[in-house]
Amino acid sequence: MTAADLGVLFNRPTLAVARGLLGSRLVRDDADGRRQARRAGRIVEVEAYLGPADRASHARFGETPRSRPMYGQAGRAYVYLVYGMHYCLNVVTGPAGVPHALLIRAVQPLEGVERLRAARFKAEQTSRRSPSPEDLERFRARLQRTPVDRLAAGPGLVGAAFSLDLELIGTDLLDRGNPVHLEPAPPDEPAFAIVTSARVGIAYAGAPWTTRPWRFAIAGNPSVSR
DNA sequence: GCAAGGATATCG
DNA sequence: GATATCCTTGCA
């Protein structure tokens, strides 16, 4: 899929976009000319939220201050805070006015691995309320032992590793000029199988939403969340 | 197994 | 304004 094709992809129905987004790159590039600062990874797991009918979607209450970004153009970012500590990235899909989105659940690091690790540490340092030096030291030691493939193997971990927060809301992720954006996989990348399953952490939504197979992952990829 | 933290939505 | 809940993580 070429760069122009991401724009084409996002004109398709949300569940098709979910499949097409797998393998694409999530990129953060804060380079200022002197300094190299690129972080990038392969998107290996996403979940689709097809609100407002979808009772698991943040759009289930209709258009509210929080859900408003989901009503915007396809390709924009919707970021939310869960459990008071983790920032989760969604890519808006569907035409304007239709609040569909894809939650980026896991990314396989490809570039800037040490920058991703440093960002994980910084997130821990700043998000917890005054963590003790001992806690931080334990965290650092564990982080050093964390395999590269597990650095962004969960939605909150993606947020931490790519330094995402609410300021990102509304960013056009299809614009490669933005520090945080999406890029297509290189054309020579091997094909992969896709596995589907039920979405995670939505028991409150009730049937039939809890069992919809709207979680998509690259089969066998070591960075998929557990 | 469970506590952590804060924004959000909904009630009074 | 008060309260229940949450698209999670890491450690006991």
Side-chain angles (χ1 to χ4, degrees), chain A residues 14-15 17-18 21 26 43-71 77-94 99-107 116-117 119-147 149-169 196-217 223-226:
Chain A
T14 298
L15 295 179
V17 183
L21 196 56
L26 176 63
I43 296 171
V44 299
E45 181 183 348
V46 303
E47 277 177 2
Y49 288 88
L50 281 59
D54 179 0
R55 298 310 287 172
S57 168
H58 287 173
R60 65 188 179 281
F61 304 120
E63 189 171 341
T64 66
R66 177 170 73 161
S67 68
R68 185 150 301 131
M70 300 177 81
Y71 288 76
Y78 165 54
V79 182
Y80 66 90
L81 182 65
V82 261
Y83 301 103
M85 54 194 97
H86 303 296
Y87 292 103
C88 298
L89 172 65
N90 295 255
V91 188
V92 173
T93 60
H100 290 188
L102 298 172
L103 170 64
I104 308 298
R105 283 193 55 89
V107 169
L116 292 165
R117 209 185 291 273
R120 283 283 313 275
F121 183 77
K122 185 158 191 179
E124 181 70 11
Q125 204 173 23
T126 55
S127 105
R128 270 208 165 116
R129 227 185 22 182
S130 54
S132 72
E134 298 78 39
D135 288 341
L136 271 179
E137 196 37 57
R138 262 196 303 275
F139 183 83
R140 185 195 295 283
R142 193 162 45 73
L143 198 55
Q144 287 308 325
R145 297 192 315 264
T146 301
D149 283 336
R150 306 304 298 172
L151 284 176
L157 301 183
V158 171
F162 284 85
S163 311
L164 309 177
D165 59 30
L166 302 182
E167 287 194 6
L168 192 68
I169 291 172
T196 67
S197 52
R199 295 172 295 176
V200 175
I202 55 152
Y204 63 90
W209 310 107
T210 45
T211 55
R212 292 274 133 95
W214 289 349
R215 179 185 182 209
F216 301 85
S223 297
V224 171
S225 71
R226 323 206 224 259

Inset, instruction - Using a strict 4.0 Å threshold on nitrogen-to-oxygen distance, state whether A/Glu47 and A/Arg199 make a salt bridge. - result: no

Legend entry - B/dG5: pairing nucleotide in any strand, Watson-Crick or G-U under 3.5 angstrom: none

Legend entry - Separation of atom CG in A/Asp165 from atom C1' in B/dA7, rounded to whole Å: 14 Å

Inset, instruction - Could you check A/Val158 against A/Ala205 and say which one's nearest nucleotide on DNA chain C is further toward the 5' end? - result: A/Ala205

Inset, instruction - Could you check how far CZ of A/Arg215 sits from P of C/dC7, rounded to whole Å? - result: 15 Å

Legend entry - Interatomic distance, A/Tyr80 atom OH to A/Asp165 atom CG [nearest 0.5 angstrom]: 15.0 Å

Inset, instruction - Sort out the partner of C/dC7 for me: Watson-Crick or G-U wobble, both distances under 3.5 Å, none otherwise. - result: none

Legend entry - Sugar-phosphate only, base, or nothing, as touched by A/Leu166 at under 4.0 Å among non-hydrogen atoms: nothing

Inset, instruction - Provide, to the nearest angstrom, the distance between the CG atom belonging to A/Asp135 and the P atom belonging to B/dG5. - result: 11 Å

Inset, instruction - Check whether any side-chain heavy atom of A/Arg60 sits under 4.5 Å from a side-chain heavy atom of A/Tyr204, and report yes or no. - result: yes

Inset, instruction - Answer with base, sugar-phosphate or nothing: what part of the nucleic acid does A/Arg226 contact at a heavy-atom distance below 4.0 Å? - result: nothing

Legend entry - Note, A/Val17 side chain near A/Val46 side chain (heavy atom, < 4.5 Å): no

Inset, instruction - Identify whether any heavy atom of A/Leu103 sits under 4.0 Å from a base atom; if not, whether one sits that close to sugar-phosphate; answer base, sugar-phosphate or nothing. - result: base

Legend entry - A/Ile202 and A/Trp214, any side-chain heavy atoms less than 4.5 Å apart: no

Inset, instruction - Please examine the side chains of A/Leu151 and A/Val107, heavy atoms only from C-beta on, and report whether any two atoms are closer than 4.5 Å. - result: no

Inset, instruction - Please report, rounded to the nearest Å, how far the C1' atom of C/dC11 is from the CD atom of A/Glu124. - result: 11 Å

Inset, instruction - For DNA chain B, find the residues of residues 54-68 of chain A with a heavy-atom distance under 4.0 Å and give them by number; none if there aren't any. - result: A/Phe61, A/Thr64, A/Arg66

Legend entry - Geometric class of the A/Phe139/A/Phe121 ring pair [parallel <30°, tilted 30-60°, perpendicular >60°]: tilted

Inset, instruction - Could you check how far CZ of A/Arg145 sits from C1' of C/dG10, rounded to whole Å? - result: 12 Å

Inset, instruction - Output yes when at least one side-chain N/O atom of A/Tyr78 is less than 4.0 Å from OP1 or OP2 of C/dC7, else no. - result: no

Inset, instruction - Pick base, sugar-phosphate or nothing for A/Arg105, based on heavy-atom distances below 4.0 Å to the nucleic acid. - result: sugar-phosphate

Inset, instruction - Kindly indicate whether the side chain of A/Thr14, heavy atoms from C-beta on, has any atom under 4.5 Å from the side chain of A/Tyr49. - result: no

Inset, instruction - Could you check which residues of residues 80-92 of chain A get a heavy atom under 4.0 Å from DNA chain B? Sort them by number, please. - result: A/Leu81, A/Tyr83, A/Gly84, A/Met85

Inset, instruction - Please state how far atom CD1 in A/Ile169 lies from atom P in B/dA7, giving the value in whole angstrom units. - result: 12 Å

Legend entry - Heavy-atom side-chain proximity of A/Val200 to A/Arg105 below 4.5 angstrom: yes

Inset, instruction - Would you mind reading off the distance between A/Tyr49 atom OH and C/dC6 atom P, rounded to a whole angstrom? - result: 12 Å

Inset, instruction - Measure the distance from CD on A/Glu137 to P on C/dC11 and round it to the nearest whole Å. - result: 13 Å

Inset, instruction - Count the heavy atoms belonging to other residues, nucleotides or ligands that lie under 6.0 Å from CD of A/Gln144, then report whether that count exceeds 12. - result: yes

Legend entry - Given DNA chain C, 5'-ward residue of the pair A/Val200 and A/Leu157, judged by closest heavy atom: A/Val200

